[in-house]
Novice: 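The structure's right below; bear with me while I get my questions together.
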Amino acid sequence: MTKCRQEVEHVAREFQRYLANTLDIQAELDLHSFRDYSVSLDMESINIRVTLWYSPKRKTSKITFIQSQDPAKEEKIRMAWYGFHHGDHLENGDVHAFVDGSYIDGKVGYGLVILRKGVVLEEMKGVVDSPDYRQHHQVGGELVAAVKFFQWCLKNKISRCTIHYDYEGIQKWGTGAWKANKELTQKYGEYVQKLPLDITWDKVKSHSGNLWNERADRLAKEAIKGE
RNA sequence: UCUAUUGAGGAC
DNA sequence: GTCCTCAATAGA
């Protein structure tokens, strides 16, 4: 048995246990479905079959759905997956945002989704035309997304929030942990450090199956492609 | 060199 | 979906 398969199986069995504990759903591992990096789980009671993909290099995993005609139940499992490897911190009273930026073909896009108690309050996306930002490629988009969220908090008289980001600089410049060498990153750091906001920082891995991170990613790309 | 991210190309 | 290479951005 390969090491990779052992790791796939380990994640699958943990998730299986999580489903039983939190949703009382019995999921069976389909032992014949083992492939290099994946295995399928059957939930007969709700007629859903998912495939779990494990990335040995990135040490991340995600799930995809097969032949499911029930979006509501699918969403339930998706949220369970989220809680499984991300904890339930989205459920506190904080306003949360997932931010992301992207750079395609010389265009910079940003996207963010704002939530409270797991419910989407607002989604934002757009392209950044200023050359001052565009020269920083995707980094410019990441910073704009974060600033859009902080501005939203001020506008809505929010005093504490949690920001989920995948690019290190969002926090490092925001808290001063990184020396800001560029004008843009300096401006960002000064702005964030003066905010009357109690900010909780949460680093998430890009493209790791995190529902909201991927939503923010799609928004940023949509903004560019929609132009 | 390492980290994070964004893309392009290719392999299965 | 997984793997590899190449280029860029921002840092340590």
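All values reported here derive from a predicted model rather than from experimental measurement. Quick note: numbers below take in every heavy atom, side chains included, and nothing from hydrogens, waters or symmetry partners. Note on naming: letters A, B, ... go to the chains in the order of the sequence lines (proteins, then strands), and numbering restarts at 1 for each one.
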Novice: With a 4.0 Å cut-off on heavy atoms, is A:Thr185 in touch with a base, just the backbone sugar-phosphate, or nothing at all?
Specialist: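 Sugar-phosphate, no base atom in range.
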Novice: Rounded to the Å, how far apart are A:Trp178 CH2 and C:dT9 P?
Specialist: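 It is 14 Å, rounded to the nearest whole Å.
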Novice: Using a strict cut-off of less than 4.0 Å between a Lys/Arg side-chain nitrogen and an Asp/Glu carboxylate oxygen, indicate whether A:Glu183 and A:Lys187 qualify as a salt bridge.
Specialist: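 Result for this pair is no, no salt bridge flagged.
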Novice: Strictly below 4.0 Å: does A:Lys205 bring a side-chain N or O up to OP1 or OP2 of B:A4?
Specialist: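 So the side chain of A:Lys205 is within the cut-off, an N or O lying under 4.0 Å from OP1 or OP2 of B:A4.
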Novice: Would A:Arg5 pass as a cation-pi partner of A:Phe34, given that its NZ or CZ must be under 6.0 Å from the six-membered ring centre and within 45 degrees of the axis?
Specialist: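 Satisfied, under 6.0 Å and within 45°.
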Novice: Counting side-chain heavy atoms from CB outward, which of C:dG11, B:U6, C:dT9 is closest to A:Asp166?
Specialist: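 Among C:dG11, B:U6, C:dT9, the one nearest the side chain of A:Asp166 is B:U6.
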Novice: So if I take every side-chain heavy atom of A:Lys179 and compare against B:U6, C:dA12, C:dT2, which nucleotide ends up nearest?
Specialist: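 Minimum distance to the A:Lys179 side chain belongs to C:dA12.
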Novice: Does A:Lys125 come within less than 4.0 Å of A:Glu222, counting only side-chain N to carboxylate O?
Specialist: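 Yes.
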Novice: Applying a 4.0 Å non-hydrogen cut-off, can you work out what A:Asp105 is touching in the nucleic acid: base, sugar-phosphate, or nothing?
Specialist: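 No contact at all - A:Asp105 keeps every heavy atom at 4.0 Å or more from the nucleic acid.
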Novice: Output the rounded distance in Å from CH2 (A:Trp173) to C1' (B:U3).
Specialist: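 Rounding to the nearest Å, CH2 of A:Trp173 and C1' of B:U3 are 12 Å apart.
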Novice: Hey, is the side chain of A:Lys182 poking within less than 4.0 Å of OP1 or OP2 on C:dT9, counting only N and O atoms?
Specialist: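 No, because none of the side-chain N or O atoms of A:Lys182 sits under 4.0 Å from OP1 or OP2 of C:dT9.
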Novice: For the pair made of NZ in A:Lys59 and C1' in C:dC3, what is the distance, rounded to whole Å?
Specialist: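 Atom NZ in A:Lys59 sits about 15 Å away from atom C1' in C:dC3.
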Novice: Between A:Arg49 and A:Asp30, is there a side-chain N and carboxylate O pair less than 4.0 Å apart?
Specialist: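 A:Asp30 and A:Arg49: salt-bridged.
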Novice: Is the shortest side-chain heavy-atom distance between A:Val95 and A:Trp152 below 4.5 Å?
Specialist: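 In short, these two side chains touch, coming nearer than 4.5 Å.
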Novice: Taking only the side-chain nitrogens and oxygens of A:His207, find out if one of them lies under 4.0 Å from OP1 or OP2 of C:dG1.
Specialist: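 Checking A:His207 against C:dG1: no side-chain N or O falls below 4.0 Å of OP1 or OP2.
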Novice: Just how far, in rounded Å, is P of C:dG11 from CG of A:Leu184?
Specialist: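 Rounding to the nearest Å, CG of A:Leu184 and P of C:dG11 are 9 Å apart.
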Novice: To the nearest Å, give me how far apart CG (A:Leu143) and C1' (B:U6) are.
Specialist: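 Nearest whole value for this atom pair: 13 Å.
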Novice: Nearest to the side chain of A:Ser206 - C:dG1, B:U6, C:dC3?
Specialist: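 Comparing C:dG1, B:U6, C:dC3 against the side chain of A:Ser206, the answer is B:U6.
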Novice: Between A:Gly169 and A:Ser102, name the one whose nearest nucleotide on RNA chain B is closer to the 5' end.
Specialist: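 Looking at the nearest nucleotide for each, A:Gly169 comes out on the 5' side.
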Novice: Assess whether ring-ring contact (aromatic ring centres under 6.0 Å, His included) is satisfied between A:Tyr18 and A:Phe84, documenting all intermediate values.
Specialist: CA-CA 7 Å; A:Tyr18 182 88; A:Phe84 166 61; 5.5 Å; yes
Novice: In whole angstrom, what separates A:Tyr37's OH from B:C12's P?
Specialist: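 It is 13 Å, rounded to the nearest whole Å.
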Novice: Using atom CH2 of A:Trp53 as one end and atom C1' of B:C12 as the other, report the distance to the nearest whole Å.
Specialist: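 These atoms are roughly 12 Å apart.
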Novice: If you only use heavy atoms from C-beta on, which nucleotide in B:G7, B:U5, C:dG11 is closest to the side chain of A:Ile104?
Specialist: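 For A:Ile104, the side-chain atoms sit closest to B:G7.
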Novice: Specify the residue among A:Gln135 and A:Ser61 whose closest nucleotide of DNA chain C lies further upstream toward the 5′ end.
Specialist: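 Between the two, 5'-proximity favours A:Ser61.
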Novice: Look at the side-chain N and O atoms of A:Asn181 and state whether any lies under 4.0 Å from the OP1 or OP2 oxygen of C:dA10.
Specialist: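 So the side-chain polar atoms of A:Asn181 never come under 4.0 Å of the phosphate oxygens OP1 or OP2 of C:dA10.
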Novice: Does A:Lys203 put a side-chain nitrogen or oxygen below 4.0 Å from OP1 or OP2 of B:U5?
Specialist: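 Checking B:U5 against A:Lys203, a side-chain N or O does come within under 4.0 Å of OP1 or OP2.
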Novice: Look at all strands and tell whether A:Gly141 reaches a base, only sugar-phosphate, or nothing, counting heavy atoms closer than 4.0 Å.
Specialist: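 A:Gly141: no heavy atom of the nucleic acid under 4.0 Å.
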Novice: Looking at the side chain of A:Tyr167, which of C:dT9, B:U6, C:dA12 is the nearest nucleotide?
Specialist: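 Closest nucleotide among those given: C:dT9.
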Novice: Under 4.0 Å, counting only non-hydrogen atoms across every strand here, what does A:Ser38 touch: a base, just sugar-phosphate, or nothing?
Specialist: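 The answer is nothing, as A:Ser38 stays clear of every strand by at least 4.0 Å.
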Novice: Mind calculating the distance between CD1 (A:Ile170) and P (C:dG11) to the nearest angstrom?
Specialist: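 That distance rounds to 13 Å.
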Novice: Report yes or no: is there a donor-acceptor pair, N or O only, under 3.5 Å between the side chain of A:Gln138 and the base of B:U5?
Specialist: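 Result: at least one qualifying N/O pair found.
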Novice: A:Val113 and A:Val147: same hydrophobic cluster, using ILVMFWY side-chain contacts below 4.5 Å?
Specialist: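 In one cluster: no.
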Novice: So does A:His136 get a side-chain nitrogen or oxygen closer than 4.0 Å to the phosphate oxygens (OP1/OP2) of C:dA10?
Specialist: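 Yes, because at least one side-chain N or O of A:His136 sits under 4.0 Å from OP1 or OP2 of C:dA10.
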Novice: Across the strands shown, which category fits A:Lys221 at heavy-atom distances under 4.0 angstrom: base, sugar-phosphate, nothing?
Specialist: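 Sugar-phosphate: the residue A:Lys221, judged by heavy atoms under 4.0 Å, touches backbone atoms but no base.
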